[in-house]
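By convention here, the first residue in the shown sequence is residue 1.
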Amino acid sequence: MKKLIIPLLLAIYLLSTSSSCKKTPVTEFNKEFPNTIGTWWKYKVYDSINSQLDTITITIVGSAKLSNGETATIWQIKSLFNIVDTNYVYSGNNIVIDYHYKDASTLLKKYIFPLNIGSNWVNLNYADTSKVTLKNAINVIAGNFTESYLIKRDYKSFPGYNVFKEDEFFVPNVGVVKKSIFVITLGTLINQNWELVSYLKRQ
């Protein structure tokens, strides 16, 4: 009997220790957000206020350290009519933050992953919020995508002089494929429609 008990106890021990050592798979939500050097997107952008059709190309050209010590990629933004601009994008486990400069206080916007209908978050402050309101297929110049999320951003500063509204269609592993931007600030009025024309995602 003892000869049976000892191997049985040993087997139970080995099973229990092996199961406890198994690592729980970690879902890397930021894989939904392309952020690799060499990736680029080209957009057709129409501004109905100025009746102007522009082509904007966004290219990830390198990486840099932010003022808070985090590493961000450098997004170079080229337009036919405007000077070249640069943003810095930090990608963490479940958050992506877009900065205007290397200074981490110059936050432009956020994404919180995974994207689900009803998900919402705060961008600059509590008057500046983003919410996922729709999931559907979408067709743009760059192609047909079976899964996209509509992220609606709304920002108003008291007493309403500054208004920023953005409707953005985000496709996982591709990025923004379509968006509309409406801005009212002192001396500035913007009403733009963006559509993805082509893109290249680097691994």
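- Sorted by first then second residue, the side chain to side chain donor-acceptor pair (under 3.5 Å) pairs that include residues 146-155, not counting sequence neighbours, are Asp128-Arg153, Asn136-Ser148, Glu147-Tyr149, Lys152-Asp167, Asp154-Lys165.
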Enumerate, atom names and distances included, each donor-acceptor pair closer than 3.5 Å involving a side-chain atom of residues 51-60, sequence neighbours excluded.
residue, atom, partner, partner atom, Å
Asp54, OD1, Ser79, OG, 3.4
Asp54, OD1, Leu80, N, 3.0
Asp54, OD2, Ser79, OG, 2.4

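- Considering all non-hydrogen atoms of both residues, Ala104 and Ser67 come closest at N-OG, 2.8 Å.
- Note that the CG atom of Asn193 and the NZ atom of Lys178 stand 7.5 Å from one another [nearest 0.5 Å].
- Between Asn120 and Thr129, every side-chain heavy-atom pair lies at or beyond the 4.5 Å cut-off.
- Nearest approach of Asp47 to Ile49, heavy atoms of both residues: OD1-N, 2.9 Å.
- A chain of hydrophobic side-chain contacts below 4.5 Å, direct or via other Ile, Leu, Val, Met, Phe, Trp or Tyr residues, connects Ile95 to Val176.
- A 4.5 Å side-chain heavy-atom check between Val171 and Leu196 finds every atom pair outside the cut-off.
- Between Phe170 and Phe33, the ring planes are parallel. Angles under 30° get that label, and only those over 60° would be called perpendicular.
- Residues Lys110 and Trp121 come closest through the heavy atom pair O-NE1, 3.0 Å.
- No continuous path of ILVMFWY side-chain contacts below 4.5 Å connects Ile117 to Phe113, so the two sit in separate hydrophobic clusters.
- Here the straight-line distance linking atom NE2 of His100 with atom NZ of Lys109 works out to 13.5 Å at 0.5 Å rounding.
- Expressed to the nearest 0.5 Å, how far CG of Asp103 lies from CG of Asn68 amounts to 9.0 Å.
- Under the 3.5 Å distance criterion, with hydrogens and angles disregarded, a donor-acceptor pair is assigned to the side chains of Ser130 and Asn123.
- The two residues Val183 and Thr185 make their nearest non-hydrogen contact at CG1-CG2, 3.9 Å.
- Under the 4.5 Å side-chain criterion, counting only non-hydrogen atoms from C-beta, Tyr199 is not in contact with Pro34.
- Note that OH of Tyr90 is 14.0 Å distant from CG of Asp98, once rounded to the nearest 0.5 Å.
- No path of Ile, Leu, Val, Met, Phe, Trp and Tyr side chains, each step under 4.5 Å between heavy atoms, connects Trp40 with Val174, placing them in separate hydrophobic clusters.
- Following chains of ILVMFWY side-chain contacts shorter than 4.5 Å, one cannot reach Tyr46 starting from Val140, and the two form parts of different hydrophobic clusters.
- A search for ring pair (Phe, Tyr, Trp, His ring centres under 6.0 Å) contacts involving Trp194 returns Tyr43, not counting sequence neighbours.
- Side-chain contact check for Ile151 versus Tyr111: some heavy-atom pair is nearer than 4.5 Å.
- Note that the OG1 atom of Thr36 and the CD atom of Gln203 stand 7.0 Å from one another [nearest 0.5 Å].
- At least one donor-acceptor pair closer than 3.5 Å links the side chain of Glu195 to the backbone N or O of Ile141.
- Val61 approaches Gln76 most closely through the heavy-atom pair CG1-CB, 4.0 Å.
- In terms of hydrophobic clustering, with Ile, Leu, Val, Met, Phe, Trp and Tyr side chains grouped at heavy-atom distances under 4.5 Å, Leu107 and Tyr101 are assigned to different clusters.
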Next item on the list: Apply ring-ring contact (aromatic ring centres under 6.0 Å, His included) to Phe169 and Phe145, showing your working.
Entry: CA-CA 11 Å; Phe169 288 90; Phe145 301 96; over 10 Å; no

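- Asn50 CG to Asn191 CG: the interatomic distance, rounded to the nearest 0.5 Å, is 10.5 Å.
- When side chains are defined from C-beta on, Val96 does not count as touching Asn35, because their heavy atoms never get closer than 4.5 Å.
- Counted within 6.0 Å of NZ on Lys131, heavy atoms from surrounding residues, nucleotides or ligands total 12 or fewer; the atom is thus considered open.
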